[in-house]
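Step one of this worksheet: look at the structure below.
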Amino acid sequence: MSKLRPLHDRVIVKRLEEERVSAGGIVIPDSATEKPTRGKVIAAGNGLILAGGQLRPMGVNEGDVVLFGKYAGQEIKVDGEDLVFLKEDDIVAVIEG
Amino acid sequence: MSKLRPLHDRVIVKRLEEERVSAGGIVIPDSATEKPTRGKVIAAGNGLILAGGQLRPMGVNEGDVVLFGKYAGQEIKVDGEDLVFLKEDDIVAVIEG
Amino acid sequence: MSKLRPLHDRVIVKRLEEERVSAGGIVIPDSATEKPTRGKVIAAGNGLILAGGQLRPMGVNEGDVVLFGKYAGQEIKVDGEDLVFLKEDDIVAVIEG
Amino acid sequence: MSKLRPLHDRVIVKRLEEERVSAGGIVIPDSATEKPTRGKVIAAGNGLILAGGQLRPMGVNEGDVVLFGKYAGQEIKVDGEDLVFLKEDDIVAVIEG
Amino acid sequence: MSKLRPLHDRVIVKRLEEERVSAGGIVIPDSATEKPTRGKVIAAGNGLILAGGQLRPMGVNEGDVVLFGKYAGQEIKVDGEDLVFLKEDDIVAVIEG
Amino acid sequence: MSKLRPLHDRVIVKRLEEERVSAGGIVIPDSATEKPTRGKVIAAGNGLILAGGQLRPMGVNEGDVVLFGKYAGQEIKVDGEDLVFLKEDDIVAVIEG
Amino acid sequence: MSKLRPLHDRVIVKRLEEERVSAGGIVIPDSATEKPTRGKVIAAGNGLILAGGQLRPMGVNEGDVVLFGKYAGQEIKVDGEDLVFLKEDDIVAVIEG
């Protein structure tokens with residue numbers, strides 16, 4: 001499979017389907033028809049270059065599971081898979097452990 | 001329960017229901033049908049990175065009770081609970097003591 | 001009563017009712033149906049953090065009487081009182097003496 | 001009469017009525033029904049704090065007569081007088097001598 | 001006649017009527033009904049103060065003939081003359097010699 | 001063929017047609033009627049000059065295959081070929097290897 | 001003919017008509033009714049002054065042939081010729097050799 005390299009503060013996410021067995025597991029949308037806004041980071045850029053020239057390193061890394069806004073980013077199908085292309089600021093939280 | 005880690009100046013808030021017994025207690029919306037805009041901070045980022053590269057540390061911490069604008073942020077259900085995902089600038093005041 | 005702590009350049013104002021006896025006193029709206037845009041500052045933040053990291057200290061303090069724009073800020077009821085949550089830039093003037 | 005203190009780059013202006021006797025005097029709007037956009041500065045702030053923290057001192061002072069855009073600023077009645085609350089950037093020129 | 005002093009990067013321009021005799025002379029709009037967008041600078045500010053505090057000196061001076069966009073600036077009548085109040089960035093070119 | 005030189009952070013891209021034989025190859029849009037949003041960089045500028053004057057070097061180079069947003073950039077036909085003129089920030093990922 | 005001097009990052013361009021004989025020559029729009037978006041730079045400013053006060057020198061010079069967006073800039077007739085007044089950022093590429 002092709003490797004995708006996002007630039008700057010861009011992040012590529014693969015949506016995670018609901019497991020719906022949720023004794024302590026994460027369940028995000030109520031309805032099965034809504035797309036999940038939880039996903040796994042499959043690639044992240046090196047960080048945002050600020051107006052003053054400094055690098056703001058990424059707060060998310062490959063493998064992180066993240067929550068993002070319902071209307072955030074762009075969806076593009078790559079190798080048959082729908083991927084979500086976000087900027088780091090579209091990510092509202094990292095889900096840990 | 002999963003732990004949520006917000007990035008930068010993001011804050012995660014759980015709405016606090018009205019107590020309505022309000023001799024000195026806080027009562028925010030008049031109508032029972034409106035969602036409360038008072039909540040408890042359950043997680044906060046490390047602060048905003050400014051254009052010049054400096055960190056602006058957070059003015060709110062986990063456990064703080066805060067007021068926020070009615071249309072601020074995004075609501076996402078996590079572990080069956082509606083959480084509000086804000087940026088620090090959406091918080092209009094911290095309610096102390 | 002709960003104490004409210006605004007962040008950064010935020011200011012909390014309690015509207016002052018018209019006195020309407022105005023030989024030298026301030027009278028703002030003509031009509032009794034309009035909400036006054038004059039109020040007393042009940043709490044103010046520590047100041048705005050500028051893009052370069054410097055603090056811009058507040059030009060208004062607790063106790064100041066201020067004028068603000070008719071559509072400025074957000075109104076939230078706290079302890080039964082309508083309070084106006086502004087940013088310092090919404091304040092068009094401090095009324096002195 | 002109450003003293004008004006504008007913050008930062010704010011300016012308070014009292015409209016000047018047309019004199020209409022205009023051999024060399026300033027006459028601004030053609031129609032008597034339009035509000036004049038010429039006024040006298042009755043109070044000015046200390047200047048704008050720039051993004052880098054420097055103060056940009058005011059280019060207008062109390063007593064200056066200024067021209068401003070027709071839709072600029074906010075009008076608020078104070079002590080029975082309509083005052084115009086501008087930012088310095090709303091002022092298109094100072095009328096000298 | 002009153003003297004007008006523009007602030008910062010503001011420029012005051014008096015429209016120049018078409019001469020229409022145009023063997024090498026400048027003719028701007030085709031139609032006689034359109035207002036000319038060519039004018040003479042009658043006053044210019046000292047320059048724009050940049051976000052970092054530096055002064056960007058003016059690239060146009062009193063007496064320069066300039067071209068400006070059709071919808072640029074504000075028109076205000078002063079001493080019976082329609083003047084155009086621009087910012088330097090509204091000027092698309094200086095017409096030399 | 002003419003050589004095109006983009007300025008600053010601009011990038012010129014030639015769309016790559018779908019191959020549709022996709023065992024591990026990249027397939028982007030489902031429908032044959034949509035234009036591909038995958039392309040080859042045929043020229044790239046030297047980088048963006050930041051507000052503080054520093055150069056942000058390009059993260060993409062001539063020859064790179066990139067993904068870009070469906071509505072990004074402008075399409076102009078040059079030498080009979082439709083080219084897409086983007087800014088680097090319109091590129092959501094570089095496809096490697 | 002009058003000489004035009006653009007300020008800062010402004011560029012003045014004269015459209016180049018299609019030659020349509022295009023074995024290796026540039027042909028931009030398909031339809032003869034569309035205005036060409038290819039032109040020759042007849043004058044360029046000294047460069048953009050950045051927020052930090054630095055000069056960003058121009059990437060295009062007098063005589064360069066450039067491509068620009070269909071809706072970019074303003075068109076003004078000068079000496080009977082339609083000229084396009086752009087900012088450097090409206091130029092998507094310089095056509096070399």
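Per chain, numbering begins at 1; letters A, B, ... match sequence-line order.
Rounding to the nearest 0.5 Å places NZ of C:K70 at 9.5 Å from CD of D:E75. For the atom pair CG of D:L4 and CD of C:E96, the computed distance is 9.0 Å after rounding to the nearest 0.5 Å. Of the inter-residue distances, the one linking D:R5 atom CZ with C:L67 atom CG reads 12.0 Å to the nearest 0.5 angstrom.
Top candidate by heavy-atom pairs under 4.5 Å with chain D, chosen from C:L55, C:L50, C:D89, is C:L50. Across C:A51, C:A93, C:G69, the residue that shares the most heavy-atom pairs under 4.5 angstrom with chain D is C:A93.
Residue C:Y71: no heavy atom, backbone or side chain, is found under 4.5 Å from chain D.
Nearest heavy-atom pair, D:R10 versus C:I91, reported as atom, atom and distance to 0.1 Å: NE-O, 3.3 Å.
Contact check for C:I95 versus D:K3: no side-chain heavy atoms found under the 4.5 Å cut-off.
Identified by a heavy-atom distance below 4.5 Å to chain D, the contributing residues of residues 56-64 of chain C are C:R56, C:G59, C:V60, C:D64, in residue-number order.
No more than 12 heavy atoms of other residues, nucleotides or ligands sit less than 6.0 Å from atom CG of D:N46.
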